[in-house]
Structure formats: structure tokens, C-alpha cells
Amino acid sequence: MSTIVLLTVTGLGLGALYFLVASGLSLIYGLMGVLNFAHGSFLTLGAFAGWEFARRAGADNWWTFLGSLLVGAVVGALFAAFTEFVLIRKLYERHIEQVLVTVGLSLASVALFDGIWGTDTIHISGPEWFRETTGILGAQISNDRFVAIIAAVLVLLGLVFFLKRTRYGMIIRAGVESRSMVTALGIDVRKAFTLVFAIGGAAAGLGGVLASHYFQYVSPLLGGSLLIFAFIVTVIGGLGSLTGAAIASVVVALLQQFANFYLNGTGDFVVVVALALVLLFRPSGLLGRKS
Amino acid sequence: MTTSKTDPQSEAQPAAAGSASAGETAVGAGQRPRKAKHDGGAAAGGRSLLTWGAGGAGVVLLALLPLLNLSLPGVLPGPTYTPGSLQLLAMCMLMAAAALSYHLLLGVTGLLSFGHALYFGAGVYGLGVILDTFDIPLLPAMGLTLLLVIVLAHVVGAVGLRVTGIPFAMVTLAFAEAGHVLVGRNPGQATGGEEGLTLATENLPEALLGVANTRNLYWLALIVLLVVFAVVTWVQYSRAGHVAAAVRENELRVRVIGVQPYLVKLLVFVVGGVLASAVGMVYLLLQSGAVPRSLSADFTITLLVMVVLGGVGSRWGAIIGGVFYTLLDQRLTALAQSEAIAGLPDILRIPLSEPLFILGTLFILVVLFLPGGITGAVHRATLSRGQRRQAAARQRQALENAE
Amino acid sequence: MSQHPQPSADAAHAGATGAPAQAAAVQPAAAQAGAHARPVLEIAGLTAHIAGQQVVEDVSFSVPATGITALLGRNGVGKTSTIKAVIGLISRTGSVTLDGERIDKEPTFKIIRRGVGYVPEDREVFSKLTVAENLRLAERDASPRRQLVEELFPDLLKRASQMAGTLSGGQQQMVSLARALLNENKLLLIDEPTKGLAPKIVQEVAETLERAAETVPILLVEQNLQVVRQLAAGAVVLSGGRVVHTTASALEFLDNEDLTQRLLGVHADAGHGEDAAAGHGEDTDAGHGENAEAGHGEAAAPANTQTNPNGAQK
């Protein structure tokens with residue numbers, strides 16, 4: 001029983017990280033049709049920025065940690081908004097070229113991070129409490145898992161509130177259904193583009209700081225490794241669906257954890273098999289629109 | 001009608017002249033594009049004869065290189081007969097061949113795959129593992145590898161092609177990552193994990209072993225490039241290739257005329273995968289080993305960068321892109337380690353010492369400002385201004401259609 | 001286009017050899033009588049492509065400042081594309097003038113903000129937004145005309161919090177029309193509003209349009225010729241992406257069985273072949289010298305086919 005609880009909570013923690021990446025990816029794809037390969041770089045830069053901040057401010061207290069979350073989110077948002085404004089916007093409605101540009105950006109930015117921070121992983125520390133454990137039903141669970149889960153739930157609630165209750169949220173939901181019809185109502189949908197990039201970047205930057213605590217290191221490759229699973233999550237959840245991304249994040253992470261433990265470390269394969277099954281029987285994903 | 005009676009000018013012109021102009025307006029719309037195509041076809045015919053001639057001469061020159069003493073300072077590390085230069089040139093040709101196989105997907109059929117490295121890597125690792133595990137000669141081992149790749153490509157293609165466009169890119173990426181992770185995990189101690197696999201040489205012919213025989217590997221690489229080029233050309237101009245091109249432009253229209261685009265796309269996908277794996281096998285021999293990077297998303301992206309740099313939709317573009325990228329990467333790596341860079345202030349030194357930063361930035365600039373890549377730019381330079389604008393529009397279209 | 005090699009006797013060929021900038025104006029009786037004859041929308045030489053294929057070819061016509069103008073033609077001749085090209089939903093070249101100002105270089109949202117209401121084919125309501133959200137999204141003016149909409153579509157008020165995707169086709173059409181009517185507009189572009197609706201609903205939609213047309217001019221794409229008869233003053237007929245006929249009287253056009261048969265592929269259900277169309281063919285073609293001459297008379301058709309090779313050689 002304690003193993004199951006441990007795996008579940010660890011899985012939920014990982015799922016939280018997937019969600020923080022996948023939510024932005026899914027919104028960006030849903031609204032703009034852009035597959036953003038640079039999303040991992042938003043996360044990595046957020047992680048490094050948070051770490052740089054924490055390192056200067058003294059790594060082991062809660063205020064620094066919260067500060068680093070804020071710094072990570074802001075840096076992620078600015079990087080993302082800059083990307084949309086400078087690179088993506090020029091290629092309006094040319095989706096393949098937009099993907100190519102984000103591919104180039106991810107290559108260039110990861111190389112630049114290599115140059116600045118080195119290719120080795122940097123071990124990090126947070127508040128003492130993170131490394132302590134909490135017992136739930138006999139399982140000793142490391143506390144950083146809870147932080148990731150709580151943060152992801154808050155982000156999810158925040159996003160849902162934003163999408164349901166604000167005018168820009170409404171524009172984004174409408175744009176996911178039909179961009180052209182939104183412009184045909186006299187709305188400048190490009191503002192919403194920059195906004196979703198910034199929101200996605202903020203979630204990714206936040207995810208970067210949390211991921212660095214979850215894995216206890218930062219490295220230029222942090223974003224890339226999470227990005228691949230975030231892609232899988234968005235396809236399984238249904239491109240453009242926030243709820244789908246949330247459900248699929250949890251499902252994928254739990255599958256991965258349980259398969260890794262019970263099936264000889266085959267978690268990644270089980271996830272890819274799950275992806276194949278979803279595509280065979282429901283090509284638009286769990287909650288995706290039919291195309 | 002009354003005007004023709006009062007106007008002597010139009011009386012001189014028989015009614016036919018009037019209706020001729022009407023005829024022109026009526027058929028003009030249908031005729032114009034067809035006529036343009038003809039002109040283009042004739043010009044392309046002349047050009048292609050020239051290109052083929054130059055290509056033939058180029059092949060002869062390439063075949064003779066190991067016997068010549070030519071120096072290209074700044075590009076090659078030494079004269080052309082030295083193993084170092086031959087190794088680099090062979091690598092260029094293999095990358096050009098790999099880029100060509102990717103061109104078959106992206107340029108011909110409009111499939112944006114992010115998992116092409118899976119097949120290249122399957123060639124590298126498949127042959128490596130088989131040679132390492134079984135006591136069989138090279139050719140049967142290669143045959144076995146091809147067989148495995150054919151099955152693999154069918155399975156992934158059958159699943160992945162259920163979606164199109166960006167989702168297809170994501171799915172192929174996921175499968176390739178699964179392969180990448182598998183190799184990294186070192187199942188049954190077969191792949192050597194992150195360290196990679198050293199080529200087992202017991203069953204290999206002498207002629208392919210040792211630094212002294214690099215030129216044999218060079219010729220092998222040249223043959224692979226020629227074979228891949230021939231197959232790609234054949235597929236591109238076959239019936240399936242025409243359907244594939246039609247699918248790229250308008251899948252719905254193809255469906256309407258009763259052809260199953262799914263099967264054609266699957267065929268192209270499998271052929272592209274098999275060609276990539278063949279290149280991968282020779283790559284294994286040339287490098288005397290395999291590392292997980294050959295299966296990574298990074299490698300697929302490298303192929304994508306090559307094809308886009310060279311010019312999407314053009315076979316020569318893929319070749320030029322492959323060669324250009326390989327040489328540039330090699331030169332930039334050398335530059336990064338040079339004294340001149342080490343002395344620069346951080347703000348210049350850090351970006352300049354990262355070849356991928358420069359290549360990534362270059363790639364972004366090409367996508368933003370040079371549609372059609374290198375071949376597109378060269379092509380445009382030879383055209384008049386009006387044609388140039390049309391060509392740029394066409395090249396943009398080529399990518400839009402790729403969706 | 002080659003599939004329609006015969007310009008009709010009264011075709012307004014504002015294309016190829018004629019001056020493309022010159023729009024063949026539709027002048028309904030009402031507008032002719034009024035002194036302010038400036039059309040609300042003038043289109044000249046409009047050409048548009050979708051995925052490399054030309055769907056609108058050198059189209060020129062104008063929409064008078066009052067009443068409903070019908071845009072007619074068989075399926076797939078470019079009616080919807082023409083409307084989309086006007087508001088920039090598909091990329092286009094040529095000149096489009098709204099109320100005296102050029103709009104052909106502007107992005108869609110700016111054109112709409114100048115006072116254009118667009119009701120797309122297939123309604124395109126946001127299915128995952130509620131009815132109220134659909135309407136709120138469309139509000140551009142400082143004081144949107146909510147009252148008018150509530151009065152016209154009382155049904156929508158009751159369903160304000162329902163997801164638009166769960167509405168019936170007719171109700172979705174109401175939402176789509178309401179989105180356009182919420183704002184003060186200079187022009188409405190309405191694309192097949194009765195498509196796929198039950199006869200009773202068709203009549204309701206028609207009445208709504210009739211009422212809307214009292215205050216704002218409408219360019220209407222409509223396949224239901226009964227509705228066209230009921231509503232339209234003038235008409236513009238497209239074929240193969242080109243304007244082949246313009247008339248100030250949609251009724252007269254529809255009564256000409258020969259023309260409707262050839263251009264729309266239908267027998268106009270009511271009416272008898274009165275050869276009145278040739279009359280205003282001359283009106284619209286006046287000044288198009290060569291073009292008009294080529295198109296006129298019975299000899300035109302065989303002459304065209306004969307001279308095709310000549311045309312190709314040119």
C-alpha cells in the first residue's frame with residue numbers, strides 16, 4: 001500500500017511538471033496552430049533565472065523560494081512574449097515556418113545556456129523542509145512533490161478563472177475554435193497571441209523552478225527532456241484543450257511511475273504505447289476537437 | 001454592334017479580330033497557368049540537362065578525389081588524399097544522403113516528421129548490435145537490419161499517419177524518443193547505453209578497416225549518396241511520387257479522385273526510413289561505433305536544418321544543405337577552440353564558442369529572410385525581378401503546403 | 001474560365017481587355033432616384049487565391065448604399081471567397097472601397113471595425129462559448145444595440161447561458177445574425193443565411209433580413225431563389241470566379257429563364273422567359289467598347305470557340 005501511495009504522489013508531482021509545460025503548449029497550439037519547440041527553453045531559462053536569484057538571495061528560506069518562483073515565471077513570460085513578438089509574428093499563419101523558427105530558437109538558446117552555465121548539471125538546494133519527508137498512509141514522501149502539485153493546481157485554477165471570467169480569456173477560447181471568426185468580429189487576435197505566449201512562458205518558467213527542485217538540479221537540457229513528454233501529453237489530452245492537458249498529464253505521469261516500478265523501468269515505452277493506442281482509437285486525443 | 005458601322009477602324013478589322021480578343025479573355029484564364037508551366041518546363045529542361053552534366057562531372061571528380069592531391073585550406077584539414085579530409089568528405093556525403101531521405105518526406109510529400117532519426121539510428125544500432133551479437137558476415141547483417149527497419153517504419157508510419165500536420169510531427173517525435181531512450185537504457189547490455197557501442201570488426205572485410213582504408217569508406221559513402229539520390233529521384237517521378245506531391249498540395253482533391261493518400265504516404269514514409277537506415281549503416285562503419293545521439297530528436301532537427309538551409313522541395317538543396325551544414329559545423333567547432341575566440345570578452349566569446357548557437361541563429365535567419373534556402377537564393381539571383389517575386393511566393397507556398 | 005467560354009450577351013466583362021478599375025455599378029431603382037448615389041462598397045479588379053489556386057478572378061462590382069444586393073451563382077463559383085476576400089480573410093489583390101475609403105490593404109479586424117458586419121457561411125458560432133459570450137464577444141460599439149437584438153431574437157435571451165454548440169441550426173443562425181446586428185454597421189455581408197434550415201425558419205430569417213435592410217445595406221449570398229425574389233433589389237452573378245452578369249433588378253434576372261438556367265443551373269421557379277435581360281446588358285456594358293462588342297449577338301459563341309487557338313498563340 002505504501003508503495004502505491006508513494007508512486008501515486010511522486011507521479012502526481014511529475015504530472016504537475018508536465019502540466020505546467022503542456023498547458024502552455026496546448027493553449028499556444030490551440031489558438032495559433034504553432035508547435036512550440038522553444039517551450040523547453042522557456043522552462044530552462046526560468047529554472048536558471050530562479051536558481052541565480054535563489055543563489056544570490058540565500059537558497060534556504062521560503063521567501064527566497066517564492067521569490068525564485070516569481071523570477072522564473074516572469075523571465076519565462078518575457079522570453080516567450082519576446083519570441084512571439086520578434087519571431088513568430090512575422091510568419092503569421094505560416095505554421096510550418098513558425099515551427100522551424102522555434103526549432104532554431106531552441107537549438108540556439110540551449111547552446112547559449114551551455115555556453116553561459118556549462119553543460120554539467122548544477123545541484124541545487126531549497127528550504128530545509130523540501131528534503132524532509134511527510135508520512136502518508138505509511139509512505140514517506142519527499143516534500144518537494146507537494147509543492148509541485150500545489151503549484152500546478154493553483155496554476156490550473158488560475159488559468160481556468162482567466163479563460164472563463166475575463167474578456168481575453170473569452171477571446172482565447174473563441175480563437176481556439178476559429179481564429180478567423182474572431183478577427184471577423186473586429187478583434188485583433190494578435191494581442192491574444194502574445195498573451196498566450198506570455199502565459200505559457202510564465203507557466204513553463206514556474207515549472208522550470210519547480211522541476212529544478214523536484215530533480216534537485218538545473219541543466220541546459222532540463223527543458224528538452226520534459227518537453228518531449230509534454231508533447232505526448234498534449235497529443236493524448238487533445239491539442240488545444242486545457243482540461244485535456246491536465247488529465248493527460250496525470251495519466252501519463254502515473255503510467256510512467258507505475259510501469260517504471262512494476263514493469264522493469266519501461267515507463268517511457270508504456271507512455272509511447274499509450275500514445276499509439278490513443279491515436280489509433282481517438283486521433284484527436286481524449287478531449288480534442290474532431291478535425 | 002452599331003459602333004463597328006460608324007467606326008472605320010473597326011470596319012477594317014473583321015469581326016473575328018474582335019472575337020479573338022474575346023476568345024483570349026475567355027480562355028486566357030485557363031491557358032495562362034498552363035502556358036507558364038510549359039515555359040518553365042522548357043527552361044527547366046535546359047537547366048536540368050546542364051545540371052545533370054555538371055552532376056556527372058562532379059561524381060567523377062568526387063570519385064577521383066582520394067587519388068588527387070588537392071588542398072582546400074579553411075574547408076578541409078589537409079590535402080584530399082589524407083584520411084582526415086576523406087573522413088570529413090565522406091561524412092558530408094552521408095549527411096547529404098540522409099538529408100535527401102528526409103527531403104522525400106518533407107519536400108516531396110509534405111510530411112513534417114520529427115522522428116526521422118529513428119530510422120537512421122535503427123540502421124546504425126541495428127547493424128552494430130547484429131554484428132556484435134551474431135557471428136554473421138556484413139551483407140547478411142545489413143539485410144537483416146533493413147528487414148527490421150522496414151517493419152519498424154511500417155508500424156510507426158501506420159500509427160503516425162493517422163494524424164497529419166503538427167500532430168504527426170509530435171507523434172513521430174514521441175516514437176523516436178522511445179527509441180532514443182531504449183538505446184540509452186542499454187537493454188541486455190546490447191547497445192552500450194549512453195557510452196555507445198563500438199563496432200565489432202571480426203566479421204568485417206579487411207578493406208573497410210583501419211585508417212589506411214578510409215578511402216574505401218569514402219567510396220562507399222559516395223555510392224550510398226548516388227544510390228539514395230537515384231531512389232529519391234525515381235520515387236519522386238514515379239506515379240506514387242506524383243500522388244504524394246498532389247497530396248502535399250491538396251489532400252482532399254486526391255481523395256476525391258479516389259486515390260488513398262494514406263497508402264502513398266506510408267510508402268514514402270517507409271522508403272524514406274529505409275534509405276535513412278542504409279545511410280546509418282555506412283555511418284556506423286565510417287565512425288567505427290554508435291552513440292545514442294544518432295537516434296535523438298537533435299539529429300532529426302539537424303536533418304531538418306540541412307533541408308531548410310539548402311531549400312525545401314529541391315534534391316540539390318538537400319545535398320547542398322547537408323554538405324554545407326557538416327562543413328560549417330566542423331569549421332565552427334574548430335573556431336570555438338581557437339585562440340582568437342578564447343581572447344574575446346565573454347559577451348562575444350560565449351556565443352561564438354557554441355557552434356549550435358551560430359547554426360541555430362543562421363537557421364532562424366534563413367527561415368525568416370531567405371525562403372527557399374541556398375538553392376532558392378541562387379535560383380532567384382538568376383531571375384528577373386518579376387520572376388523573383390513569383391519564385392519567392394512559390395517557395396513560401398511550398399512550405400505552407402507542407403502542412 | 002475555360003468551362004464558361006461564352007460571355008453572356010449582357011455580361012459585364014469588367015475584366016481582361018476592359019478597364020479593370022471601372023466597376024460595373026448596380027443601380028437599383030431606389031438608389032437611382034436618390035441623389036446620393038455613391039455605393040457603400042466598390043470592388044474593382046479583386047483577385048484572390050486559396051492554397052495557390054485562384055478562386056476570385058478580377059471581380060468588379062459595387063453595392064449600393066441601400067437595400068439588399070444578391071450575390072448569385074452556382075456552387076463553387078467563388079461567392080463565399082469574394083466575401084472573404086473583401087474583408088481580408090483570404091489574401092487578395094485589387095481595390096476594395098468601403099464608403100469612399102480604401103480597405104484592401106487593411107487586416108480583417110480593422111475592416112470590421114470600420115463598420116462591417118459579417119455573417120459567415122455555416123454560421124460559425126463559437127460552439128464552446130455560451131450564447132451570451134458569443135454576443136458579448138461581438139460587441140464593438142460603446143453602446144451595443146442589445147435591445148434590438150433581444151427584440152429580434154427573443155429566443156436567444158432565454159438561452160443566454162446555453163453553449164452555442166448545443167443550439168439548433170436555426171438558433172445558431174440567429175446568434176450569428178445577432179452578432180452582426182449588435183453594432184452600428186455601414187454594410188452587412190451575409191453568406192447563405194438560410195442554408196440547411198427548415199422552411200419556417202427560412203421565412204423567419206428572411207423577415208429578419210428584410211428588417212435589417214431598412215437601416216443598413218446588405219450584400220447577400222443566397223441559394224434560395226425564393227428568398228432572393230423576396231428581398232433582393234439588385235443582383236451580381238458570378239461564374240468561374242468572375243462577374244458574368246450584373247443587374248439592378250434581381251426579379252427581372254430571375255424571370256429570365258434562359259439566363260438563370262445558364263448561370264445558376266436552375267429553372268427559376270416562377271416567371272416566364274421574357275427577353276428583358278438584353279436591355280440592361282447594354283446599360284452595364286456601355287463604354288466597354290470592344291468587350292461589349294465581342295460579347296454581343298448570337299455569333300459570339302461560335303466565334304469564341306473558333307478563335308481559341310488564336311488566343312492561345314498570343
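All chains are named by letter (A, B, ...) in the order of the sequence lines, taking the proteins before the strands, and each is independently numbered beginning at 1. Since this is a predicted model, take the numbers as computed values, not measurements. What you see below is based on every heavy atom in this structure, not just the backbone, and it leaves out hydrogens, waters and symmetry mates.
- Heavy-atom distances place both the backbone and the side chain of R136(C) under 4.5 Å from chain A.
- Heavy atoms of L129(C) lying under 4.5 Å from chain A belong to its backbone as well as its side chain.
- Between K79(C) and E121(C) there is no salt bridge, since none of the side-chain N atoms of the basic residue sits less than 4.0 Å from a carboxylate O of the acidic one.
- Most heavy-atom pairs under 4.5 Å with chain A: of the set R140(C), E133(C), E124(C), this distinction falls to E133(C).
- Both the backbone and the side chain of V182(A) come within contact range of chain C, with heavy atoms under 4.5 Å apart.
- Using a 4.5 Å cut-off between heavy atoms, V125(C) touches chain A through its backbone atoms (N, CA, C, O) alone.
- Heavy-atom pairs under 4.5 Å with chain C were tallied for I171(A), I187(A), D188(A), T183(A); the largest tally goes to D188(A).
- Paired with F61(C) under the rule side chain to side chain contact (heavy atoms under 4.5 Å, CB included), one option of V237(C), V236(C), L46(C) passes, and it is V236(C).
- Using a distance-only test at 3.5 Å, with no hydrogens or angles considered, a donor-acceptor pair links the side chain of R145(C) to the main chain of N183(C).
- No side-chain heavy atom of Q173(C) sits less than 4.5 Å from a side-chain heavy atom of I201(C).
- Between F42(A) and F79(A), the angle of the ring planes goes over 60°, which puts this pair in the perpendicular group of the 30/60° scheme.
- S176(C) contributes no side-chain N or O that, together with a main-chain N or O of Q172(C), makes up a donor-acceptor pair within less than 3.5 Å.
- Within the 4.5 angstrom heavy-atom criterion, no atom of R179(A) approaches chain C.
- K195(C) and D122(C) are joined by a salt bridge, as a carboxylate oxygen and a charged side-chain nitrogen come within less than 4.0 angstrom of each other.
- For the set K110(C), R113(C), K84(C), the entry with the most heavy-atom pairs within less than 4.5 Å of chain A is R113(C).
- Your options are L89(C), I111(C), I87(C), and the one with the most heavy-atom pairs under 4.5 Å with chain A is L89(C).
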